[in-house]
Protein chains: 2
Amino acid sequence: MTMSVVPAKLNESKDKLVLIDQTLIPNEEKFLELDEAEDVWEAIKKLRVRGAPAIGIAAAYGLYVCSLKSEATTVKDFKKDFEEIRNYLATSRPTAVNLFWALDRMTKRFEKEENMSLAEVKEALLDESEKIFREDQAMGKAIGKHGLTLLKPGMGLLTHCNAGGIATSGYGTALAPMYLGDEKGYDFKVYADETRPLLQGSRLTAYELDKAGIDVTVICDDMASQVMKEGKIDAVLVGCDRVAANGDAANKIGTSGVAILAKEYGIPMYVLGPTSTIDMDTPTGDDIEIELRDEEEIGNGFGRRTAPKGVKAYNPAFDVTDAKYITAIITEKGVIKPPYKENIKELF
Amino acid sequence: MTMSVVPAKLNESKDKLVLIDQTLIPNEEKFLELDEAEDVWEAIKKLRVRGAPAIGIAAAYGLYVCSLKSEATTVKDFKKDFEEIRNYLATSRPTAVNLFWALDRMTKRFEKEENMSLAEVKEALLDESEKIFREDQAMGKAIGKHGLTLLKPGMGLLTHCNAGGIATSGYGTALAPMYLGDEKGYDFKVYADETRPLLQGSRLTAYELDKAGIDVTVICDDMASQVMKEGKIDAVLVGCDRVAANGDAANKIGTSGVAILAKEYGIPMYVLGPTSTIDMDTPTGDDIEIELRDEEEIGNGFGRRTAPKGVKAYNPAFDVTDAKYITAIITEKGVIKPPYKENIKELF
C-alpha cells in the first residue's frame, strides 16, 4: 500500500520521537527528533502534531522515549519518573480525547508488567506504543480496503479538509482508499477543497497526496459545484468527527454543503471513519453541539487582514451532514448503507 | 436612500476624478484625486477601480478632467488632445466592455456638439459624464426598489462576491435592496460569503455595508450551508455577469453552489442586474465560456503560500447557475419570474 507522510514515529534506534512539524507545511518540511518531555509537550500544545490518532501515537511514543532518560535503577523509581512525564504530557492539550486514551493505555500496560525487571518493563512500554501505532495503521488499511470496493480506476474524487495520513499513522480515513487504490494503479484524480478558514485541504491534503505521487488539484471551497458540474467528480470522500446513531455525521465545516451538492449532481457521498466515531449515545445530528471558533481566523488568517477590522465574522468549526445525503458510511468493519439506524445498530 | 462608498466621482470643483483605491481595502482607506491621463490609466489597469459600471464612470470622468488640462484654444485642437487621451485610456483594460462603452459615449457627445464653442463643448462633456453616473445611480435605485418588494423587515440575507455600490455608483445591484431597505428601517442581517480566491465578499461587500451602518457578518464560503441550516437566511441576493435567454445566470464562482443550497433549504434565490446583462444572443448557460484564471490566486493569494509549491490548482472565475435554481431575476424594469424563456422574451 502506498503510504505518504507518517506524522509521528520512532527513529531507527527507537530512542527518539520523530515528528514532521505540521505548522510549517506547506512552506517548509522540517522533522523534529525529540526525547525531552518539554519538547514533546510543546509539539502537541502548538499543533506541530495534530489529528486525534496522530496525537495519541505521538503521546505514546513520546512518553516511552522520554521515560528512557530516567536514571532510575529500580522499577519503583522508574515508575515515579514515568508517571511524572505522563501527568505532564496530559496537560499539553486537555481537550484531546486521544491524548488521554494513549497515555492511559501506556500506564495500564506498565501496571500489568510492574513485577517484571526494569528492562522488561521498558520493553513492554515500547511494545505498547508500537501496538498503538500498528493498530491505527491496520485500521486505516481496513477502511481503505472497504472504501476501495466502491471506487473504480480513473475516478475523480473530491475530499474536504484533511482526513489523511498526516492526521493518523500514514493512511488516514477518507484518504486511505486513495493510497490503497494508488498501489493498484487506479490513477485517481483527486480534488482537494482548500477548506477555509484553516486550509487543511490545501495545506495538508494536497501536501500528503502530492508526496505520495497521487494526482491532486486544489480548488477553493466555492468551486466544488462547478467542478462537479463539469463531470470531474465521481465520488466524494470525507472523514468524520462523530456519527450519530441515525447516520448523521459531524465533520469539518463545509462538509454538509459538499454533500448537498453531490446529491444534486447525482454523485455518491461517502463518510469514512473508525467505528469508534459512531456514538450510539447521540441519537441524531441535532444532539451534536457546533463549536464556534475565533472570528479572527476568518478576518485575519493569512498574516494580513482579509475583512475590515471590527466587522463581525461567524465561525462554526463543524457542521452536521444529514444522513439522507450520505450514500454509505465506511468503517474498518465494513460498509454501512441506509437505513443507517437499523444497520448501525446491527453492527454494534 | 442610504448610500455607501461611491468608488468614482468628481471633486467639488469638478476638475479632478476622485477614486477610493480598492486594492488597499480593507487595510487602508485612501482616496486618490487624479487629473493626469497616466494616473487614470494606471488606476484602471491596477484595479484601483473595479466593477464594470464603476470602470465606465471612472473612464468618463477621467477623460473629462484630463482633457480639461489641454491648452488648446480651438475645438479642433481640443478634439485632438481629447482623442489622444481617449485612445490612451482605452488601452488600460482592453477586456472591459464598459470602459469602451463609456469612452464611446463621450466621443459621440463630443461629435454631436462639435459646432459649439470650446466652453460649450467642455460643458457638454461634463454633462455626459455626469449623465453616465446619474443613469447608473437611477438603475441601482430601480433594481433596489423592485428587489425590496420581495423582502421583509428583519430578514437575514446572504450574498456572494460584491455586486455593490463600490462596483457601481454607490448602490450596486444585489446590495441595492439592502441600502433601500436600510433607509426604511428594515434592519436586515446580512451574511457576506468571503468569496475565495479574491475575497471580494470579505474585503469589499463587508466594507461597504459596514460603512453604511448595515449589520453584516462575514462567513467563509464553506459555511453557507450551516448558516442556512440554522435558519439565519431568508433570501439569497447575488449579482450577475451575464444572463442567458433561458434565465441561466453566469456570476462569480460559487454562485451556483449557493443556489443549490438555497433550493435544498427552501430559501428564495434572487439574481439582480440591469437588463443590459440579459443576452438574448446566448440561448442557455451552456453557451457561456468559463474563464480560467491563474492557479497562483489559490495557492499564493495571501502573501504566503497556502498550498504546496508545484501542486496544481483549478481556478474557474465564474460559474453558471441553472435557471431552475433561480426564484426571480430582478432588473431595473421589474421582477422576472419563471418561466424565464417566455417572460424574458416578453420584456424585450
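Bear in mind that the values here come from a model prediction, so they are computed numbers and not experimental data.
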Considering only heavy atoms, which portion of [X] lies under 4.5 Å from any heavy atom of chain A: side chain, backbone, both, or neither?
| X | result |
| --- | --- |
| K229(B) | side chain |
| T205(B) | neither |
| V227(B) | side chain |
| E230(B) | side chain |

Side chain to side chain, [X] and [Y], heavy atoms closer than 4.5 Å:
| X | Y | result |
| --- | --- | --- |
| L151(A) | L157(A) | yes |
| I219(A) | E194(A) | no |
| K30(B) | I20(B) | no |

Name the member of [options] that forms the most heavy-atom pairs with chain A at distances under 4.5 Å.
| options | result |
| --- | --- |
| I290(B), I253(B), V216(B), D319(B) | I253(B) |
| T217(B), D221(B), D210(B) | T217(B) |
| A192(B), G254(B), A224(B), G201(B) | G254(B) |
| M228(B), Q226(B), H160(B), K309(B) | Q226(B) |

Under 3.5 Å, is there a donor-acceptor pair between the [X] and [Y] side chains?
| X | Y | answer |
| --- | --- | --- |
| E296(B) | N315(B) | no |
| Y314(A) | E295(A) | no |
| D21(B) | T23(B) | yes |
| R48(A) | Q22(A) | no |
| S256(A) | S225(B) | yes |

What part of T195(A) gets within 4.5 angstrom of chain B, counting heavy atoms only: side chain, backbone, both, or neither?
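Both backbone and side chain.
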If I measure from the heavy atoms of chain B, does K232(A) come under 4.5 Å with its side chain, its backbone, both, or neither?
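Interface part for K232(A): side chain.
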Chain B interface, residue from [options] that has the most non-hydrogen pairs under 4.5 Å:
| options | result |
| --- | --- |
| D193(A), D215(A), L209(A), V258(A) | D215(A) |
| E264(A), K263(A), R203(A) | E264(A) |
| A313(A), G257(A), A206(A) | A313(A) |

Is D234(B) reaching over with its side chain to a backbone N or O of M155(B), donor-acceptor style, under 3.5 angstrom?
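Checking the backbone N and O of M155(B) against the side chain of D234(B), no donor-acceptor pair under 3.5 Å is found.
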